[in-house]
Number of protein chains: 4
Amino acid sequence: MSKLKEKRRNQILIASLQAIAEKGFHSLTLQDIADYAGVSKGVTNYHFKNKEDVLRHLLEWVTDKIYENEYNAIQQEHTAIGKLTAYVEAAFSTPAENKRFFRVYIDFLGQVRHNSNFKEINDKFYDNCWSIGREIVSLGQEEGIFPSNMDIEKASISIRSLIDGCLIQWLMREQEDLHDYYKTICLETLIASLTNNNVVNQ
Amino acid sequence: MSKLKEKRRNQILIASLQAIAEKGFHSLTLQDIADYAGVSKGVTNYHFKNKEDVLRHLLEWVTDKIYENEYNAIQQEHTAIGKLTAYVEAAFSTPAENKRFFRVYIDFLGQVRHNSNFKEINDKFYDNCWSIGREIVSLGQEEGIFPSNMDIEKASISIRSLIDGCLIQWLMREQEDLHDYYKTICLETLIASLTNNNVVNQ
Amino acid sequence: MSKLKEKRRNQILIASLQAIAEKGFHSLTLQDIADYAGVSKGVTNYHFKNKEDVLRHLLEWVTDKIYENEYNAIQQEHTAIGKLTAYVEAAFSTPAENKRFFRVYIDFLGQVRHNSNFKEINDKFYDNCWSIGREIVSLGQEEGIFPSNMDIEKASISIRSLIDGCLIQWLMREQEDLHDYYKTICLETLIASLTNNNVVNQ
Amino acid sequence: MSKLKEKRRNQILIASLQAIAEKGFHSLTLQDIADYAGVSKGVTNYHFKNKEDVLRHLLEWVTDKIYENEYNAIQQEHTAIGKLTAYVEAAFSTPAENKRFFRVYIDFLGQVRHNSNFKEINDKFYDNCWSIGREIVSLGQEEGIFPSNMDIEKASISIRSLIDGCLIQWLMREQEDLHDYYKTICLETLIASLTNNNVVNQ
DNA sequence: GATGAATGAGCGTTCATTCAT
DNA sequence: GATGAATGAACGCTCATTCAT
């Protein structure tokens, strides 16, 4: 595929992201995408097989972006707590960024069970998230601040679950000023659960 | 409102629940509702203002059901751990029940930000959930198994976040056999985070 | 199916027939059908599965009408030549009627190879036509005016082929005044071929 | 027009013929033509005014090909029956060739009445066919095997009608193995009708 | 000469909503 | 109370045509 075509496709994906972020997943029309991209109605179908194809690529793009952002963040830190903090910071990002990306992601969740392509992409996203969790937990165990008998798989699953759960609850409440509050809750709860020596996650 | 009218409305709501559980939120048509309810197409519009009105009542009904179920469960227990366990057990319910109710609830989440009625209902649901959390955390502090300086508000928020996060991740993976696994992870993580004496949730 | 529904469906079929007769098969839109039927655009899809379903029923209706008309005509006569004459007369009908029905039929022919439903209906039409031919040829042989060793199958095929060939050529020339001329040619050629004692159709 | 231009136009016409033969007249797109011709999408509009212009030239090309083939065939023979046989042989050609050319021709028939250009081309084709018929009938009368009082115009019209009628019926049945059967029926019927001394075509 | 990205009118189809019965 | 026929706006999608390169 040519550079130009690739650029056009990205332009359409970004337009779709913006359109969904503002108008919502379910009311998204091809006309919306065209309008946000500043092109004509037919362009989307010219560059993508169909609307579902756009959404699939968008989900992949969004989850990749979220993961990359989080992955890069934890690489900057070299302690378990440092990485964990960076992870949560990256996941929460800023209120604006979060709405732009994570809100669109939530819209996709409802579609996962109706679209195996979406499910596949989400499964990959989970895999990526768990790998971040494993990296943090392993390091914490090496550092001796996390119990050595802690089940890494379980822990990484619970980390992502709590992050998603907190983000969703924050987003649903639509109070931007609670952003820091939820971020703190998320991080504190993670630290508490991971550093408990009466660990049950075994 | 007459008993008959009330009965008809419930019949329609249950039919809608079933229809969404099987066919999905976005492909739900009034014809579907009528088919599942075994009535004619016009009935829905006769008993509800419009489709959105049905969905609003359904969301209310579903969140009430989820809450009631969880509330009743914790009333059976009289220790913090007992109540917490009962809470998670009730939230996870059975795979089938969970799909029936929580999957529909996830479908609604994407709509919350576009519909203030939906948001209001979800806010009420959160309030209810937090009250369950508060009850458990308070009792745990009285029992002395949870740190006395733990922030009850934060703890109750984190409890619900983790439950929702775990449920969503489990549902998205579509592997029924992981139901117990996720339930265990959820409960163990909650206990670990709540019983940590190096508590940071303060 | 109720009487009323059946009536509506017929109304739509007749509207489609008229629309195709005037505007052509390929430019026919659901809006055209609605306009000709004097109803709204959605009606067609309410009473038929889709556009193709309308066309299928229309082809069946048209071929049935053509056959019935021809069948009834030959029942009025009791000699081979009388029946043959009646057959050709009925097939040519009047210029107006012929345009209304046979022109639409020609439009369908191009679709037969792309639609097995259409092919099935056309095959049935051919079967019906051949049965008329067989009846005439058998009677002619009994009367002794057609060679007794004439192959009835072949003869009935050639009869319908000539009728269709003449009708198509007449219709393509779009000279209404040639209607009688072509009808005469068709009948004379049929009689000539069927009464030739140096018969080769054996 | 330059040789190159002429060559390109022929390339496009042949590609169109192939595309229609395989995909059908109504689903033919300019993209199809480009694909079959192995050129880019814009080429067709560069060498032809528009799509209809391509089809017009294609119809002309196809009818000319059919006629030429038939004309050349009868020039090889020198008796009426020989020429008639050669005519029918040429018209039926082989199953594959017939599908390639005559099936496309049938697709055009439905358009004739909506496009005066198409009609003109078809009228010319009929003229050519009738001239073949006249040549055969005249020779047969000279040879004394066809009645001298036979109407040459009528006879030539009936000859082409039967040929087209038989070809269409054979094509519609989509049974390749009936090719010889229909060819035989066509020829035998023609001979029977033309050699009948009780001739009515007068 | 040739390309193929872009356009936008127009298609078939869906479906919430209305309303006569 | 209940029905379901009818409506028509709005959707995803196709494709002939245009035109900058």
Side-chain angles (χ1 to χ4, degrees), chain A residues 2 4-5 7-9 11-12 26-34 37-55, chain B residues 2 4-5 7-8 12 26-35 37-55, chain C residues 2 4-5 7-9 11-12 26-34 37-55, chain D residues 2 4-5 8 26-35 37-55:
Chain A
S2 74
L4 207 72
K5 250 188 135 70
K7 194 179 158 189
R8 208 38 154 181
R9 285 167 67 96
Q11 182 188 356
I12 291 168
H26 307 105
S27 69
L28 179 76
T29 68
L30 292 181
Q31 187 65 65
D32 287 334
I33 298 175
V39 292
S40 76
K41 195 186 174 191
V43 165
T44 303
N45 275 287
Y46 183 76
H47 289 281
F48 290 89
K49 228 167 30 191
N50 50 36
K51 189 186 174 186
E52 194 265 341
D53 192 38
V54 179
L55 294 175
Chain B
S2 74
L4 197 68
K5 246 185 139 71
K7 192 179 158 191
R8 254 296 192 250
I12 291 166
H26 304 106
S27 69
L28 179 76
T29 68
L30 291 181
Q31 186 64 66
D32 287 333
I33 297 174
D35 291 346
V39 293
S40 75
K41 196 185 174 189
V43 164
T44 302
N45 274 289
Y46 187 81
H47 289 281
F48 293 89
K49 222 166 39 185
N50 50 33
K51 189 184 174 183
E52 193 266 342
D53 193 38
V54 180
L55 294 175
Chain C
S2 74
L4 207 71
K5 250 190 134 69
K7 194 178 157 189
R8 216 20 160 191
R9 285 168 67 96
Q11 181 190 354
I12 290 167
H26 306 106
S27 69
L28 179 76
T29 68
L30 291 182
Q31 187 64 66
D32 286 334
I33 297 175
V39 292
S40 75
K41 196 186 174 190
V43 166
T44 302
N45 276 287
Y46 183 76
H47 288 281
F48 290 89
K49 226 167 31 190
N50 50 34
K51 189 185 173 186
E52 195 266 340
D53 193 38
V54 179
L55 293 175
Chain D
S2 74
L4 196 69
K5 246 185 140 72
R8 254 293 191 255
H26 303 107
S27 69
L28 178 76
T29 68
L30 290 182
Q31 187 65 64
D32 287 334
I33 297 174
D35 290 346
V39 292
S40 76
K41 197 186 175 189
V43 164
T44 302
N45 273 290
Y46 187 81
H47 288 282
F48 292 90
K49 223 166 40 186
N50 50 34
K51 189 183 175 184
E52 192 266 341
D53 193 38
V54 179
L55 294 174

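Just so it is clear: chains get the letters A, B, ... in the order the sequence lines come, proteins before strands, and each one is counted from 1. When reading the values below, keep in mind they use all heavy atoms of this one structure, side chains included, and skip hydrogens, waters and symmetry mates.
- Residues C/Gln11 and C/Ala37 come closest through the heavy atom pair NE2-O, 3.1 Å.
- Summarising the geometry, atom OH belonging to B/Tyr46 is positioned 11.0 Å from atom CD1 belonging to B/Ile12; distances are rounded to the nearest 0.5 Å.
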- Item | Reading 5' to 3' through nucleotides 3-13 of chain F, protein heavy-atom contacts under 4.0 Å coded B for base, S for sugar-phosphate only, - for none | BBBBBB-BSBB
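- One atom, CZ of D/Phe48, and another, P of F/dT18, lie 16 Å apart when rounded to the nearest Å.
- Shown here for A/Asn45 and A/Asn50, the closest heavy-atom pair between the two residues is OD1-CA, 3.8 Å.
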- Treat a base pair as Watson-Crick or G-U wobble with both distances under 3.5 Å, then lay out DNA chain E in dot-bracket form, 5' to 3', with | for cross-strand pairs. .||||||||||||||||||||
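- The salt bridge (charged side-chain N to carboxylate O under 4.0 Å, His left out) search around A/Asp53 returns A/Arg56, not counting sequence neighbours.
- Minimum interatomic distance between B/Ser40 and B/Ala34 (heavy atoms only, all atoms of both residues): O-CB, 3.6 Å.
- Here the shortest heavy-atom pairing between A/Arg8 and A/Val39 reads NH2-CG1, 3.5 Å.
- Of the possible polar contacts, one joining the A/Arg9 side chain to the A/His47 backbone as a donor-acceptor pair under 3.5 Å is found.
- Once rounded to the nearest 0.5 Å, the distance linking CG of B/Leu30 with OG1 of B/Thr44 reads 5.5 Å.
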